[in-house]
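So the structure is just underneath, and the comments pick up after that.
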Amino acid sequence: MTDNQRRRGPRVDVDVPTVLLNTAEELFGTHGVDNVSLRAIAREAGVAPAALTHHFPTKRDLLDSVVWRRGDRVAEDVRGRLRALGGRADVSTRELVEAVLFPFVDEVNRDPADAVRWLRIVITLALSGDEIIASGVAGEGDITDLFTSAATGVPALQANSVELRAPIAMFSMLTALAAADLGGYGRPIGPAGLDPEYVEQLALFTSSGLQAG
């Protein structure tokens, strides 16, 4: 019996939802969400298209699951770090930057190759204002509000810096992190995770840019 014949029926040898999420994360992160079809994901995962739509009826359902499988953990870590800074009057710009950066660094170090692709997906969606990202930072514990609150305790920052410069700084920082496996950044990532010196310079560069002027 060939592999194709074995794959005609439901697969019982794997956790199908996990395989689909892993495959979608890889393809979305490599080729872009708009350029990958559900059929392509099913084919790469080795399951029938009907099996995919059984677990994820629409591409939006699958994308949402891909984003928040890691995103819930990262977002809660960011919230916790920003809450810890709230109410202080002596917060440094570096502490504010690290509160956002380090949860993403931890996720990438936990799973270097796949988490970088995941982060590319997140950054692309965030920059386009996609509702998936907006829904994840809204409501109780809103990350934007927590960031703004923590930033008021940074003596080096002025109100207009937070409002206008912070989004530029944060997106630039996370975009650079998501490109850590590319040649232009010297590929400061390997099987063990990110080069600590790269993370240090990224935090330093972002902190300096945020408080400049």
Side-chain angles (χ1 to χ4, degrees), residues 29 67 70-110 112 115-189 193-213:
V67 168
R70 299 179 189 274
D72 282 333
R73 176 172 56 238
V74 173
E76 193 52 40
D77 193 359
V78 172
R79 289 187 181 99
R81 291 170 184 264
L82 290 175
R83 288 191 188 102
L85 298 179
R88 282 178 47 189
D90 60 343
V91 178
S92 69
T93 309
R94 178 64 179 262
E95 286 178 301
L96 185 64
V97 167
E98 289 179 353
V100 177
L101 174 62
F102 281 1
F104 288 93
V105 169
D106 289 345
E107 187 64 30
V108 172
N109 285 338
R110 188 179 293 115
V116 163
R117 285 190 284 261
W118 166 80
L119 185 52
R120 285 189 193 128
I121 299 168
V122 171
I123 292 299
T124 299
L125 294 173
L127 287 171
S128 66
D130 192 280
E131 63 184 19
I132 290 179
I133 304 302
S135 66
V137 299
E140 185 177 359
D142 180 286
I143 289 176
T144 302
D145 288 345
L146 289 170
F147 183 91
T148 302
S149 176
T152 61
V154 182
L157 295 184
Q158 299 177 347
N160 65 330
S161 296
V162 175
E163 181 179 354
L164 299 177
R165 197 178 297 169
I168 299 172
M170 294 301 104
F171 279 124
S172 297
M173 176 180 73
L174 295 178
T175 298
L177 188 64
D181 61 340
L182 300 180
Y185 287 91
R187 294 189 176 88
I189 190 170
L194 291 156
D195 178 357
E197 182 58 25
Y198 179 75
V199 176
E200 167 64 22
Q201 293 302 316
L202 188 55
L204 179 62
F205 183 85
T206 305
S207 301
S208 300
L210 188 58
Q211 70 180 36

Output yes when a side-chain donor or acceptor of Ser128 lies under 3.5 Å from a complementary backbone atom of Leu125, and no otherwise. yes
Let me confirm one number: the CG-CG distance from Leu82 to Leu96, rounded to the nearest 0.5 Å. 7.0 Å
Does a side-chain heavy-atom distance below 4.5 Å link Phe205 with Leu210? no
If the test is salt bridge (charged side-chain N to carboxylate O under 4.0 Å, His left out), which one of Arg70, Arg73, Arg81 qualifies with Asp106? Arg81
Taking Ser149 for its side chain and Asp145 for its backbone only, find out whether a donor-acceptor pair lies under 3.5 Å. no
To the nearest 0.5 Å, what is the distance between CD (Glu200) and CG (Leu101)? 10.0 Å
For Val100 and Met173, run side chain to side chain contact (heavy atoms under 4.5 Å, CB included): C-alpha distance rounded to whole Å, both residues' side-chain angles, the deciding distance at 0.1 Å, then the answer. CA-CA 10 Å; Val100 177; Met173 176 180 73; 4.1 Å; yes
List the atom of Ala89, the atom of Pro155, and the distance in Å for their closest heavy-atom pair. O-CG, 3.8 Å
Any side-chain heavy-atom pair from Phe104 and Asp77 closer than 4.5 angstrom? no
Would Met170 and Val97 count as a side chain to side chain contact (heavy atoms under 4.5 Å, CB included) here? Give the steps. CA-CA 8 Å; Met170 294 301 104; Val97 167; 4.1 Å; yes
What residues, two or more places apart in sequence or in another chain, satisfy side-chain contact (heavy atoms from CB on, under 4.5 Å) together with Arg187? none
Rounded to the nearest 0.5 Å, how far apart are CD1 of Ile143 and CD of Glu76? 8.5 Å
Heavy-atom closest pair, residues Gly193 and Asn109: CA-OD1, 3.4 Å
Considering all heavy atoms, the nearest Ile189-Ala180 contact: CG2-O, 3.4 Å
If a pair satisfies side chain to side chain donor-acceptor pair (under 3.5 Å) and one of its residues is in residues 173-183, list it, with sequence neighbours excluded. Arg120-Asp181
Is there a donor-acceptor contact under 3.5 Å from the side chain of Trp118 to the main chain of Gly29? no
Measuring from atom OH of Tyr185 to atom CG of Asp195, what distance do you get when rounded to the nearest 0.5 angstrom? 15.0 Å
Hey, what do you get for CZ (Arg79) to CG (Asp142), rounding to the nearest 0.5 Å? 7.5 Å
To check you understand the geometry: which heavy-atom pair defines the closest contact between Thr93 and Ser207, and what is its length? CG2-O, 3.4 Å
Looking at CG of Leu177 and CG of Leu194, how far apart are the two atoms once the value is rounded to the nearest 0.5 Å? 5.5 Å
Under 3.5 Å, is there a donor-acceptor pair between the side chain of Glu95 and the main chain of Ser92? yes
Do Arg94 and Thr206 have side-chain heavy atoms sitting under 4.5 Å apart? no
